[in-house]
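The structure displayed is predicted, hence computed values, not measured ones. As the structure lists them, so they are numbered: ligands from 1, and atoms in each ligand from 1.
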Amino acid sequence: MSEGCNCSSGDCSGKECGASPEDLKLKKTLGRIRHKIVVLSGKGGVGKSTVAVNIAVALALAGKKVGLLDVDVHGPSIPRLLSLGDMRPHIGKDVIEPIPWGKNLWVMSLGFMIPNKTDAVIWRGPVKMGLIKQFVQDVAWGDLDFLVVDCPPGTGDEPLSALQILGQDARAIIVTTPQGVAIDDVRRSVTFCRQVGNPVLGVIENMSGFACPACGAVHDIFSSGGGEDLAREMGVAFLGRIPMDPEVVRSGDEGFPLLNVDHDSATAKAMNAIVKPLLSLAGSLQEKAADQPKVEETLAKGGTIRFAVPVAGGKLCAHFGHCEKFAILDVDAGSKKIISARLETPPPHEPGVLPKWIAEQGVNLVLAGGMGARAQSLFTEQGVRVIVGAPSDDPDKVVEQYLAGDLVTGENICDH
Ligand code: ADP
């Protein structure tokens, strides 16, 4: 199979499916990266780059192979934060070598390309987009456990193209500060991710409380907790809060990541606590998907396959999130016959609830009419396969059509 090919046979090298050589290269590069983490913020100055650097360093120190990509065209600060400001990457014919930092971390930044630190570079729109794409596809990232991407702030064209280039399995971490204005920006960032169909890993509240250099305790000098409230309100995870700490400023100014030298302060502990779920997520995602027997394997080997079909008025419901019930049908893979069917009422609809509930029902395959990209990626995380565009027919007929290889799928009519 030709990596990156879009066609169903997977081996036309773009001749039939129309994938360009760049598309193929991009897909090949992305195919070697297990987890893509995009660090976003509603506005600049909230500590997005500081958080991106420390997450990348913590993952690398934990033994993961990590890429750190700085596409913050307005102020690429990663080289400075890692004392790599004077480095220039080697640019070969078709490939750019990332700059190594320590044993497990490789860095690429627009900052490496700017001749003079004080130069203001005016990047025109299409150039910016092209650069972001080039930095993903042309950099020799190799096999990575994580690619951490420091995105430009806001919800404009640049974070949008970064997400589009990285694909819908790229997960966003949104950095905010506790103040109300920043919180409004985060609300926009979460909505933005939902609109483009990328899952949000969670929200980090930075500069939350003050880590006193004299006593080491964290004092709540201003308000805090806004990020947590907002995460709850928007149905996304709250990953933790990092205090305002003069050591963070010093480490940034002097170009060493705090987590490389400090593991005991309240700030270092807070940062490490945020990285922990990322590390376990890396394992659990892989394991969950691997745990589930592949539908085709079961069909070939025999066994039982459990299907779920969203239903309204007795027929497959075209709008996944609006269904009344789910038909759960067990199929004997050997005879390809439905051996049992029942209707289950799902829990009240809230973002992220249905994929988890369906996985808990032991379902292997969902046949749906329309489903948003975000829900689809949540199912993938749970190891449940999804086929969209199935017709609004009786659930058993839809399953029988699938088993007979006759299921004709149309448009995903509900892709939000
Ligand atoms: P952004 O990428 O959002 O523009 P930066 O990471 O460049 O933000 O951080 C902006 C400034 O805030 C830097 O001077 C940085 O050292 C400082 N900073 C970031 N996080 C903290 C923190 N937790 N405590 C103190 N200063 C911080």
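We find that K133 and D138 are not joined by a salt bridge, their nearest charged nitrogen and carboxylate oxygen being 4.0 Å or further apart. Checked for salt-bridge contact, R187 and D184 meet the test: a charged N lies under 4.0 Å from a carboxylate O.
The protein residues lying under 4.0 angstrom from ligand 1, judged by non-hydrogen atoms, are G44, G45, V46, G47, K48, S49, T50, N206, M207, I242, P243, M244, D245, V248, V249.
Side-chain rings of F326 and F307 stay apart, their centers remaining 6.0 Å or farther from each other.
In this view, S265 and D262 satisfy the side-chain hydrogen bond (donor to acceptor under 3.5 Å, both in side chains) rule, not counting sequence neighbours.
Between the side chains of K315 and S392, not a single donor N or O lies within less than 3.5 Å of an accepting N or O.
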Walk me through it: do D229 and R232 pass the test side chain to side chain contact (heavy atoms under 4.5 Å, CB included)?
-> CA-CA 5 Å; D229 292 344; R232 199 175 308 115; 3.7 Å; yes

